[in-house]
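Each residue takes its place number in the sequence, starting with 1. Computed from a prediction, not measured in an experiment: that's the story for all the values here.
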Amino acid sequence: FKAKHTRDNELPELLTKAIQYFNRKKDYRHVNKYSSFLADYYYENKKYKKAGYYYKLANEALLLKWKAMRWEDLWGWKKY
């Protein structure tokens with residue numbers, strides 16, 4: 001995994017490119033994975049606004065991966 005052997009300042013650029021690539025390919029599993037990884041990186045570096053953006057992107061990718069319209073759809077919950 002290249003990111004583990006990358007200088008800290010190169011990591012966001014590398015992950016951003018990976019996220020864009022997988023998003024174009026509609027590979028939402030990897031969009032979720034790398035968005036979460038980048039969000040954690042920003043959170044640990046106290047860049048909360050960027051962290052929030054990438055956590056949101058990771059969550060949206062998860063919904064797209066499972067073809068869900070809402071969070072409740074992921075667990076089969078229904079409104080009664």
Side-chain angles (χ1 to χ4, degrees):
F1 180 50
K2 186 177 178 182
K4 287 185 179 180
H5 306 289
T6 303
R7 280 182 262 140
D8 221 27
N9 59 348
E10 294 175 352
L11 184 62
E13 183 180 345
L14 178 68
L15 291 175
T16 301
K17 287 180 181 180
I19 292 164
Q20 292 169 348
Y21 171 80
F22 288 118
N23 209 10
R24 281 193 306 273
K25 297 290 183 184
K26 297 185 181 187
D27 183 348
Y28 300 118
R29 180 174 70 94
H30 285 99
V31 172
N32 173 267
K33 177 180 179 178
Y34 294 119
S35 294
S36 295
F37 193 79
L38 187 54
D40 289 343
Y41 168 83
Y42 281 130
Y43 184 82
E44 290 168 6
N45 287 285
K46 297 181 173 40
K47 295 184 179 183
Y48 302 117
K49 194 170 187 175
K50 287 184 178 183
Y53 171 79
Y54 284 102
Y55 282 130
K56 182 178 183 288
L57 187 62
N59 289 335
E60 289 171 351
L62 186 63
L63 290 171
L64 289 169
K65 176 185 172 193
W66 294 104
K67 297 177 178 68
M69 298 299 291
R70 304 168 303 190
W71 278 108
E72 293 86 6
D73 296 340
L74 292 175
W75 292 279
W77 297 344
K78 296 180 181 176
K79 264 189 165 176
Y80 292 99

J.: Using the rule given for side-chain contact (heavy atoms from CB on, under 4.5 Å), can you reason through Tyr54 versus Thr16, listing the C-alpha separation, both sets of side-chain angles and the distance that settles it, and then say yes or no?
T.: CA-CA 10 Å; Tyr54 284 102; Thr16 301; 3.7 Å; yes
J.: Mark yes or no for whether Asn45, through its side chain, and Tyr41, through its backbone, hold a donor-acceptor pair below 3.5 Å.
T.: yes
J.: Check each of Leu64, Leu63, Leu62 against Asn32 using the side chain to side chain contact (heavy atoms under 4.5 Å, CB included) test, and report the only one that passes.
T.: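 Going through the options one by one, the only one that passes is Leu62.
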J.: Could you measure the distance from the CG atom of Asn23 to the CG atom of Leu57? Nearest 0.5 Å is fine.
T.: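 Output value for this atom pair is 6.5 Å.
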J.: Applying salt bridge (charged side-chain N to carboxylate O under 4.0 Å, His left out), can you list everything that pairs with Lys17, at least two apart in sequence or on another chain?
T.: Glu13
J.: For Tyr34 and Ala18, which heavy atoms make the closest approach, and how far apart are they?
T.: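 The pair with the smallest heavy-atom distance is CD1-CB, 4.4 Å.
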J.: Under 4.5 Å between side-chain heavy atoms, counting indirect links through other Ile/Leu/Val/Met/Phe/Trp/Tyr residues: same cluster for Tyr55 and Leu15 or not?
T.: no
J.: With under 30° as parallel and over 60° as perpendicular, where do the rings of Tyr48 and Tyr43 fit, or are they tilted in between?
T.: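 Tyr48 vs Tyr43 ring planes: perpendicular.
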J.: Atom CZ of Arg24 and atom CZ of Phe22: how far apart are they, to the nearest 0.5 Å?
T.: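 Arg24 atom CZ to Phe22 atom CZ measures 10.5 Å (nearest 0.5 Å).
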J.: Between atom OH of Tyr42 and atom CG of Leu11, what is the distance when rounded to the nearest 0.5 Å?
T.: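 Here the rounded value is 8.5 Å.
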